[in-house]
Participant: 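Okay, handing you the structure first.
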Protein chains: 2
Amino acid sequence: MAEFSQGSFTAGAPPSKYPHRSLLERYGLRATRQRLGLARLLFSKGNRHVTADTLASEANALKMPASLATVYNVLNLFAQVGIVRGLAIEGTKTVFDTNTSDHSHFFFEDTGEIADIPLAGMKFADDVMPPEGYEIVKVDVVFRLRRKTSTNV
Amino acid sequence: MAEFSQGSFTAGAPPSKYPHRSLLERYGLRATRQRLGLARLLFSKGNRHVTADTLASEANALKMPASLATVYNVLNLFAQVGIVRGLAIEGTKTVFDTNTSDHSHFFFEDTGEIADIPLAGMKFADDVMPPEGYEIVKVDVVFRLRRKTSTNV
DNA sequence: TTACATGCAAACTGTTTGCAAATAT
DNA sequence: ATATTTGCAAACAGTTTGCATGTAA
């Protein structure tokens with residue numbers, strides 16, 4: 001039960017133990033226990049694509065309890081300030097991507113998985129004239145993949 | 001209020017009155033009253049982007065009653081056989097597009113509206129190498145639009 | 001006549017919200 | 001001390017489903 005003890009420091013409060021505290025403060029967000037925990041899950045192992053409930057179960061499995069409602073709140077908040085980015089790929093669950101740079105996605109239709117592609121969507125904005133009075137703020141590009149049928153060579 | 005009287009013919013059942021009957025038959029779908037009615041709404045006035053409930057209210061307003069469940073069934077069925085195409089743009093409601101050709105979309109963030117752009121997504125498939133064993137079956141490209149801020153010249 | 005489609009209501013999934021208790025500053 | 005955040009459960013939106021009734025073939 002101690003893999004994520006947090007809260008009571010004795011001495012000079014080790015400054016490097018909570019690397020995400022500064023991240024939160026940079027965005028003017030209060031550094032609460034669950035925000036720090038979720039930020040750690042999100043940003044400790046490379047770019048990720050999570051849904052609210054995958055992240056919640058992950059947190060709970062690691063004894064970093066956060067209610068589903070809070071996970072939603074935190075993910076929405078992070079998305080709002082730009083720490084993560086929400087994707088609407090499958091219509092149902094919202095996927096949050098920790099990679100906020102301009103890139104595209106593979107969507108594996110068989111597994112539902114999502115993978116990043118280093119292809120800037122904005123480069124396609126040149127091919128398109130936005131309607132009068134509007135500007136293109138983002139270009140979402142999703143390459144939908146199907147397992148190649150062996151008969152279909 | 002009689003723009004869609006349907007049902008009771010007297011004589012030799014005018015053959016051209018239901019142009020969508022043949023559409024349904026072409027896909028092996030039984031030509032029921034509500035399928036014909038919904039097909040008419042979908043395909044009588046150019047390309048459209050509808051949700052289940054906009055289409056249902058439209059039908060009901062025209063005295064072509066179809067329950068919401070049936071509208072869902074019919075739209076899903078049409079999408080399945082390829083008469084329409086489902087879009088996952090906003091995460092919430094599924095939008096059905098009567099234009100099944102390869103094209104892209106504008107998404108107006110202020111109004112939620114969707115508009116077609118004659119830009120084939122598949123042309124971007126050249127820039128991308130699909131993972132081993134997979135093939136790109138569709139490329140969804142959405143240009144998200146925001147109203148230009150006058151201060152932001 | 002018979003298999004299939006419809007309508008209704010109830011179930012279901014994903015997400016948001018109201019409010020009391022907990023907590024960060 | 002006080003404003004903010006959390007957790008729970010209830011509300012909510014969109015969609016699907018079970019089953020009796022209706023209907024196309």
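Each chain gets a letter, A, B and so on, in the order its sequence line appears, and its residues count up from 1.
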Participant: For Phe78(B) together with Phe96(B), are the ring centres under 6.0 Å from each other?
Facilitator: no

Participant: Looking at Arg30(B), I'd like to know whether one of its side-chain N or O atoms comes within less than 4.0 Å of OP1 or OP2 on dT23(D).
Facilitator: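 For dT23(D), neither OP1 nor OP2 has a side-chain N or O of Arg30(B) closer than 4.0 Å.
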
Participant: OP1 or OP2 of dT6(C) sitting under 4.0 Å from any side-chain N/O of Ser67(B)?
Facilitator: no

Participant: In terms of side-chain geometry, is the basic nitrogen of Glu58(A) or Arg48(A) positioned less than 4.0 Å from the acidic oxygen of its partner?
Facilitator: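 Judged by the 4.0 Å cut-off on N to carboxylate O distance, Glu58(A) and Arg48(A) do form a salt bridge.
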
Participant: Just the rounded figure in Å: distance from P of dA13(D) to OH of Tyr72(B).
Facilitator: 12 Å

Participant: What contact category does Asn76(B) fall into here, base, sugar-phosphate, or nothing, at under 4.0 angstrom with non-hydrogen atoms?
Facilitator: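 The answer is sugar-phosphate, as Asn76(B) gets under 4.0 Å only of primed atoms, P, OP1 or OP2.
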
Participant: For a quick test of reading the model: is some side-chain N or O of Arg21(A) closer than 4.0 Å to OP1 or OP2 of dT25(C)?
Facilitator: yes

Participant: Please give, in whole Å, the distance from dA5(C) P to Leu36(B) CG?
Facilitator: 13 Å

Participant: For dT6(D) and Arg33(A) - does any side-chain N or O of the residue sit under 4.0 Å from the phosphate oxygens OP1/OP2?
Facilitator: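 So the side chain of Arg33(A) is outside the cut-off, no N or O lying under 4.0 Å from OP1 or OP2 of dT6(D).
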
Participant: Side chain of Gln34(A) only, please: which of dG7(C), dT6(D), dA3(C) is the nearest?
Facilitator: dT6(D)

Participant: Using heavy atoms to find the nearest nucleotide of DNA chain D for Phe96(B) and Ala31(B) separately, return the residue whose nucleotide is more 5′.
Facilitator: Phe96(B)

Participant: Starting from P on dT15(D), measure out to CG on Leu75(B) and report it in whole angstrom.
Facilitator: 10 Å

Participant: In whole angstrom, give the distance that lies between atom CG of Asn60(B) and atom P of dT6(C).
Facilitator: 14 Å

Participant: Applying a 4.0 Å non-hydrogen cut-off, can you work out what Thr94(A) is touching in the nucleic acid: base, sugar-phosphate, or nothing?
Facilitator: sugar-phosphate

Participant: Could you work out which one of dA24(D), dT5(D), dT16(D) sits closest to the side chain of Thr32(A)?
Facilitator: dT5(D)

Participant: Quick one: which of dG14(D), dA24(D), dG14(C) gets closest to the side chain of Asp53(A)?
Facilitator: dG14(C)

Participant: How many whole angstroms separate atom CZ of Arg35(B) from atom C1' of dG7(C)?
Facilitator: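 Whole-Å distance recorded here is 14 Å.
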
Participant: Could you tell me if the ring centre of Phe108(B) sits under 6.0 Å from that of Tyr134(A)?
Facilitator: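 Yes; Tyr134(A) has its ring centre under 6.0 Å from that of Phe108(B).
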
Participant: Nearest-Å distance, CD (Glu25(B)) to P (dA25(D))?
Facilitator: 7 Å

Participant: Expressed as a whole number of angstroms, how long is the span from Leu68(A):CG to dA10(D):P?
Facilitator: 16 Å

Participant: Of Ala52(B) and Leu29(A), whose closest DNA chain D nucleotide lies nearer the 5' terminus?
Facilitator: Leu29(A)

Participant: Tell me the interatomic distance from Asn73(B), atom CG, to dT16(D), atom P, rounded to whole angstroms.
Facilitator: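 Taking CG of Asn73(B) and P of dT16(D), I get 8 Å after rounding.
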
Participant: Salt bridge or not for Asp53(B) and Lys93(B), using N-O below 4.0 Å?
Facilitator: yes

Participant: Taking the side chain of Thr92(A) as heavy atoms from C-beta outward, which of dC8(D), dG14(C), dG7(C) is closest to it?
Facilitator: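 Closest of the options to the side chain of Thr92(A): dG14(C).
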
Participant: Is Lys123(A) paired with Asp127(B) through a side-chain N to carboxylate O contact shorter than 4.0 Å?
Facilitator: yes

